[in-house]
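Here is the structure we will look at, set down as structure tokens.
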Amino acid sequence: MGAADAVPGVSGGTIAFIAGIYQELISSLSCLGPAALKVLFKQGIKAAWLHINGNFLSVLLLGMLSSLIVLSNTVLYLLSHYPQILWGFFFGLICASTYVLAKSIEQWNVLAITGFIIGTLVSYFLTTQSSSVIDTPSLLTVFLSGMLAICAMILPGISGSFILLLLGMYSYILSAVKNIELLVLIVFATGCVAGLLSFSKILNYFFSCHRNLTMALLTGFLLGSLNKVWPWKETITTRFDRHGNEVADLQQNISPVAFEIVTGLDSYLMLSATFSVFGLLLVILLTRFSK
């Protein structure tokens with residue numbers, strides 16, 4: 001989940017769903033808050049730890065932080081030097097995840113189909129938006145960005161990193177992580193906690209009371225996000241990041257052949273296809289293992 005959240009376009013929530021821990025994650029997060037404090041003061045630390053499913057959350061958080069520290073540089077290196085191969089892997093991953101998620105929908109009624117279409121359109125629309133850049137954001141902007149990003153991170157198909165990119169905060173937050181800017185990181189983390197405490201309860205309610213509709217909506221989110229992870233793109237507009245480097249802003253999907261003609265670069269078609277199949281197989285194995 002940590003490695004996925006480092007990439008704009010891939011959601012940690014997608015990985016959680018593939019691994020079979022998604023509903024436990026949402027349920028555990030929804031237990032955080034005033035109710036947990038009430039249990040802590042009345043019944044003690046052990047009871048509160050069990051109430052919030054502390055073992056599960058702490059191990060998951062440790063895994064995510066370890067991945068961000070150890071793997072994020074590798075993921076970002078691949079994103080910079082071999083993006084077609086990396087996107088090919090995630091494309092296969094999300095294709096298989098969409099199929100797995102769709103199979104879990106118990107009944108494809110009018111409401112479920114409507115939710116699926118809405119989820120697909122919303123996710124697709126987000127992937128077509130041009131990103132912005134904020135050079136010196138205020139602490140309030142950092143806080144609100146954390147709230148929005150964490151909500152996206154726990155939704156399959158909507159990337160928290162991509163939301164930060166749209167808000168113009170991606171490079172700023174990533175730079176703060178690399179340079180260990182404590183004030184920025186604390187404010188951002190506080191925003192993330194606030195977003196988790198509020199949004200996880202809403203999501204848990206929908207899972208409990210409207211599971212079929214929720215699953216259809218999430219399946220749509222995944223399907224729509226495929227537009228973002230297509231490996232071969234033509235850059236329409238560019239922008240300068242906070243370090244003065246020219247980076248792609250708005251892009252459109254093209255074929256591997258057209259990619260080589262337009263960019264003059266190797267499309268890595270065979271390697272991308274191989275890693276895409278690897279992503280498909282990985283989801284199948286994880287799905288069977290999670291049971």
Side-chain angles (χ1 to χ4, degrees), residues 1 4-5 7-18 22-23 25-26 29-30 87 90-91 93-132 144-170 191-192 194-196 198-231 233 236-237 248-253 283:
M1 288 178 66
D5 280 326
V7 180
V10 185
S11 168
T14 302
I15 306 301
F17 192 88
I18 293 168
Y22 187 75
Q23 285 188 251
L25 172 62
I26 298 303
L29 290 174
S30 68
W87 288 127
F90 282 121
F91 191 86
L93 203 74
I94 294 175
C95 277
S97 303
T98 304
Y99 173 72
V100 170
L101 205 61
K103 279 184 66 178
S104 65
I105 298 172
E106 296 172 357
Q107 186 180 11
W108 281 98
N109 51 29
V110 175
L111 193 60
I113 293 172
T114 303
F116 172 75
I117 293 172
I118 290 173
T120 303
L121 292 176
V122 168
S123 184
Y124 180 83
F125 173 76
L126 286 174
T127 65
T128 62
Q129 298 307 294
S130 174
S131 58
S132 56
L144 294 175
S145 297
M147 284 191 69
L148 288 172
I150 201 67
C151 291
M153 282 178 184
I154 60 176
L155 277 176
I158 300 182
S159 164
S161 296
F162 184 61
I163 295 299
L164 287 178
L165 204 61
L166 291 180
L167 295 172
M169 294 291 291
Y170 179 71
C192 290
L196 274 180
S198 54
F199 188 65
S200 61
K201 294 183 186 299
I202 296 170
L203 200 54
N204 190 53
Y205 165 78
F206 276 99
F207 261 112
S208 302
C209 303
H210 306 283
R211 188 180 186 280
N212 205 60
L213 174 61
T214 304
M215 295 298 285
L217 193 65
L218 295 180
T219 304
F221 285 154
L222 273 180
L223 182 64
S225 71
L226 285 173
N227 180 63
K228 177 63 181 176
V229 296
W230 178 253
K233 298 179 182 294
I236 306 300
T237 59
D249 182 19
L250 194 61
Q251 297 178 306
Q252 67 177 8
N253 295 334
V283 171

Quiz item: Just how far is it from atom CZ of F199 to atom CD1 of I26, taken to the nearest 0.5 Å?
Solution: 7.5 Å
Exercise. Please report the closest heavy-atom contact between A16 and M1, naming both atoms and the distance.
Key: CB-SD, 3.7 Å
Mind listing the side-chain donor-acceptor pairs of residues 99-110 below 3.5 Å, one per line with the distance, residues two or more places apart or on another chain?
unit_1, atom_1, unit_2, atom_2, d
S104, OG, L101, O, 2.5
N109, OD1, L111, N, 3.3
N109, OD1, A112, N, 2.8

Quiz item: Can you name the residues that form a side-chain contact (heavy atoms from CB on, under 4.5 Å) with Y124, not counting sequence neighbours?
Solution: T127, T128, N227
Exercise. Would you list the pairs meeting side chain to side chain donor-acceptor pair (under 3.5 Å) in which at least one residue belongs to residues 206-223, sequence neighbours left out?
Key: Q23-R211
Quiz item: Can you tell me how far OG of S30 sits from CG of L196, rounded to the nearest 0.5 angstrom?
Solution: 11.0 Å
Practice problem: Report yes if the side chains of V122 and F125 come closer than 4.5 Å at any heavy-atom pair, otherwise no. | Solution: no
Quiz item: Between atom OH of Y22 and atom CG of L218, what is the distance when rounded to the nearest 0.5 Å?
Solution: 5.0 Å
Practice problem: Compare every heavy atom of S123 with every heavy atom of G220, then report the nearest pair and how far apart it is. | Solution: O-CB, 4.2 Å
Quiz item: In chain order, what residues pass the side-chain contact (heavy atoms from CB on, under 4.5 Å) check against I117, with sequence neighbours excluded?
Solution: I113, L121
Quiz item: Which residues satisfy the side-chain contact (heavy atoms from CB on, under 4.5 Å) test with L226, sequence neighbours excluded?
Solution: F91, I94, C95, L223, V229
